[in-house]
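Structure record follows, encoded as structure tokens.
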Amino acid sequence: MHEAKDGSDASPCTVSRIVASRSVDVAEVEAGKEQAPKLCGYLTKLSGKGPLRGYKPRWFVYDPRKCYLYYFKTPQDALPLGHIEIGDACFSYDVEAEEGQFEIRTAGKEFLLKAPSRQVMHYWLQQLQQKRWEYSNTRGQRDSWSSPTLTYPLTGLVGKDNGSDAFVCDKLSSMEIVRSDFAMETEMDSGGMSGTQSARGIAAASTNPLNSLRNIGTELRNSMSYLRAGRGGENRRSVFYTGNNNAEEWELVDAPPKDFPEQKPPDTHRHSFGSAFTFDFVRNPSRPKRLLVRDMMGSWKLRSPESSPVEPNGSKALDMRFQGQQEELSQMQEERAKLREELAAQKELVRLLQQTLRTSQCNWQPEARPSDSAAPVDQVQGAEAAQEKVGKLESLLQERDVQVQSLCGHMERLTLEKDSLQQELKSLKIKVGEINDKLGMLMETIEAKDEVIIKLSQSSEQGASVNDAGSNVPNKAQQEVDILKDSLQGYKSQNKFLNKEILELTELRRNAENREKALEAKYTALEAKLCQVECKYLVLLQEVKSPVCSSSEQTQDHEVISRLLEDALQAETSDHQDHHIFKPNTVSEYDLYGFKTVPEEEEEEEKLVAKVRALELKTLSMTDQEVSVGVKWENYLASTLNRDLVRSPELKALIRCGVPHEHRSRVWQWCVSFHVKKFRDNLAPDYYETLLNVARDKPNPASKQIELDLLRTLPNNKHYSSPSAGGIQKLRNILMAFSWRNPDIGYCQGLNRLVAVALLYLDQEDAFWSLVAIVEVFMPRDYYTKTLLGSQVDQRVFRDLMSEKLPRLHAHFEHYKVDFSLITFNWFLVVFVDSVVSDILFKIWDAFLFEGPKIIFRFALSLFKYKEEEFLKLQDSTTLFKYLRYFTRTILDSRKLMNIAFVDMNPFPMRQIQNRRAFHLEKVRLELTELEAIRQTFLRERETTQDRRSFVSDDEEDN
């Protein structure tokens, strides 16, 4: 881990028709342009020292080139505050710690990070595990242990070639299956909390631990509602199982409406993971009415007390629940006593009524006799009144009897309910005993609980009990159940994560041991080869040193020398390449760009020179200076993770040092896009496809010459060496499309080589636009027309620069009348293709695509400056011209050449070249006009001479 202090933070076959056809690779490249989303987002990082130590929001970005996790202060920052090496890190988190908090441990440091929620934390951990796994599986496949994986994959023919050889990753399917078994069940969409879109949001403020404790419910609710906002309604399902056999399934249903009174949980439990989520749970079997979880959680708790591990204060909640049941039972007993008193009163009333009835009957019989004799009418009336009164009393008595029976039945029911409640109370006491037994076993798993949190929880409990002593009892019981359920799910997720982490770390360690064994075997093989080479050359030296005694001995020595030379010229074949460990030959058949290192058709001496040249180039590529340039590019690109490349002096200086192979595709693509932006902005996105369709449907006068030049473009490159090579069809398409875009030029010999070099690092469409940039932006207007006017002008400008920058060499050429423009003309026309070695060629193209045509003049002068002393030693025009034809192939040190070009040739203003171009353009035009006039005069004179001439036959001449 390397940090910078920031105050408180450490900181494509041949075709029968001569038309262009759409290559299959176009669709492949278009599909490849859709890059995977970048892993980035806000996390809070524990940083600082002493009283300033705390969590601070940081913008984290994963860089797959080195498997680094960079962190910035804001997404707009150019330079990172530091980075975390994910390739050798391990991850962990604690369920009982703060929500979203996880730890990354590297070789020398530990990093404590915190995500906004537990789900976002799971997303980050799963992604980082996957990135570490992918990076570790590609380690043994790369050419160098220090070469990074690429954020921007190589495009073009070189990228595809290297992608199939060096970056092939053989992943074991069985291992992937095992890893997927332990994968955590998290949503791949992190709800907007990670990814480039999260940069538009505001970083979370640094959190005070006390405030987070007090407002933990609000924070959790806000986090989950924010996560659910970007997620569909499906897949919202959580299943919980009780511990008994009669398992009940609970499913997650829609959240309550916004106007539903939301019940806030008490702020006493810091480690709650789901009690504050606005989710409602119902039973899985269909019912006419949906019951909320808080309406039924108490009875669920009574039925399944062993469903999940409990906290120490769970027994207190059960005791409170029992007290509530006892109070309810006492109320029912009081109601029963009242009913008994009412029943006794009713019985007393009935007794009094019966006694009154009997008294009235007795009084009525004695009074009936005297009235019979005196007044019969009165007797009849009294009898009727008595009967009415008796009827009323009987009806009233029947009503009272019914009431008494109903009260007796109600009392019996109450008695039965009392018995059932007493039985339920006994069962609850038994279950409480079981829970208390479990508490003793579970206390060992929660001994690491923070004592400060317990004290704060107790104090908040006391405050809550003082404020709402009556209403907090059911809320507390519900929260306890939520805490137990979430703790169970949290421990399950942690168990899966840790199992996967152990599995991956074991496999990664095994892979590292295998790579170490492979390196040891490779080292042994190379050491043995070195001993063999030393032995052979010692024999050679001994044989050469011994005097020649006879012709037979001379023949024997010659055979030894020939055999040693044959062994030295033997190049690495495809059979050797299959064994990536044993590579005794240091020079392969083709170089990094696909060019043949040792030509087959050359003589033995030339083959030996080519082999020596390849060895020297490989030695130069492994110097400390080249390594330092690669490090500078890595550091620069690490600072541009959050933004595109921008023209700057720093980028210019880096490009003048040469672009590393792994970054050249990206830099070339950016340079081409920068120069042709004014063209592409005014054209349709499918402009190139339209040109290909036109070229396929209509004949083109340039198609015949294009077909003739395809196989003559770069015959020593494997991508263009045969009609079925991968670059031939792409080359045909681009040249045909350009001939339709620019009919004034159509096709000129030399354009094919420009396109062929561009295709090595760019896809088909970008290579087309690179040709447009060279012909229509960099070079003067008539550079590739039939007259080659611009090319002739540049040769005169270059002659002036030679006399100014290299006066001795220019005078030497003038003295022996050597016209070096016969050689340099092709340099300017095809930008040194097939003129210099491949390593120097691509470094010239790096600067050429960035700065323009001035680079051609710089390097042309530098090539002559590099070999100036050798030219001055030659005192013959024939020898000079012969050396001119091949001297550029003897220049191998690109660093020395680039130092001459960009230091010794200064100053080199472009305005001077433009002024000299304008001056010589007028002179060349006048000369061409005079030549045209002379040609017309000659044609007229020839026609007049032919008209005056008398032609006779052979017979007439014989006569």
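Position 1 is the first residue of the sequence; numbering continues from there.
Taking the charged nitrogens against the carboxylate oxygens, Arg808 and Glu869 do have a contact shorter than 4.0 Å, which makes a salt bridge. Ion pairing between a basic and an acidic side chain is recognised when a charged N comes within 4.0 Å of a carboxylate O; Arg753 and Asp834 show such pairing. The pair Lys865-Glu868 meets the salt-bridge criterion, since a charged nitrogen lies less than 4.0 angstrom from a carboxylate oxygen. Between Arg895 and Glu626 there is a salt bridge, with a side-chain nitrogen of the basic residue lying less than 4.0 Å from a carboxylate oxygen of the acidic one.
At a cut-off of 3.5 Å, with distance as the only test, a side-chain donor of His663 or Glu634 sits close to an acceptor on the other residue. Arg858 and Asn906 form a side-chain donor-acceptor contact under 3.5 Å, judged by distance and modelled atom types alone. Between the side chains of Asp591 and Ser838, at least one donor-acceptor pair of N or O atoms lies under 3.5 Å. Asp709 and Tyr747 form a side-chain donor-acceptor contact under 3.5 Å, judged by distance and modelled atom types alone. Side-chain N/O atoms of Arg732 and Gln729 include a donor and acceptor closer than 3.5 Å. For Asp893 and Tyr866, the side-chain atoms include no donor-acceptor pair closer than 3.5 Å.
The ring of Phe902 has its center no closer than 6.0 angstrom to the ring center of Phe908. Ring-centre distance between Tyr688 and Phe738: not below the 6.0 Å cut-off. For Tyr761 and Phe842, the ring centers sit closer than 6.0 Å to each other.
Atom CG of residue Leu760 and atom OH of residue Tyr593 lie 10.0 Å apart, to the nearest 0.5 angstrom.
Contact detail for Leu714 and Tyr720: the closest heavy-atom pair is O-CB, 3.7 Å. Among all heavy-atom pairs drawn from Ile840 and Ser894, the shortest one is CG1-CB, 3.8 Å. Listed here is the closest heavy atom pair of Thr713 and Ala756: CG2-CB, 3.6 Å.
Cation-pi geometry between Arg916 and Phe798 is not met: the NZ or CZ atom fails to fall both under 6.0 Å from the ring centre and inside 45° of the normal. Stacking of Lys718 on the aromatic ring of Tyr590 is recorded, both the 6.0 Å distance cut-off and the 45° axial limit being met.
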Can you give each donor-acceptor pair under 3.5 Å made by side-chain atoms of residues 820-832, sequence neighbours left out, with the distance rounded to 0.1 Å?
residue	atom	partner	partner atom	Å
Ser821	OG	Asp819	OD1	2.6
Ser821	OG	Asp819	OD2	3.2
Thr824	OG1	Gln795	OE1	2.6
Thr824	OG1	Phe820	O	3.3

**Message:** For Phe778 and His675: C-alpha separation, side-chain torsions, deciding distance, then whether ring-ring contact (aromatic ring centres under 6.0 Å, His included) applies.
**Reply:** CA-CA 9 Å; Phe778 291 165; His675 292 298; 4.8 Å; yes

**Evaluation steps, ring-ring contact (aromatic ring centres under 6.0 Å, His included), between Phe871 and Phe887** = CA-CA 10 Å; Phe871 276 111; Phe887 84 98; 5.0 Å; yes

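Here the side chain of Lys632 pairs no donor or acceptor atom with the backbone of Leu654 at under 3.5 angstrom.
Residues satisfying the salt bridge (charged side-chain N to carboxylate O under 4.0 Å, His left out) test with Asp876, not counting sequence neighbours, are none.
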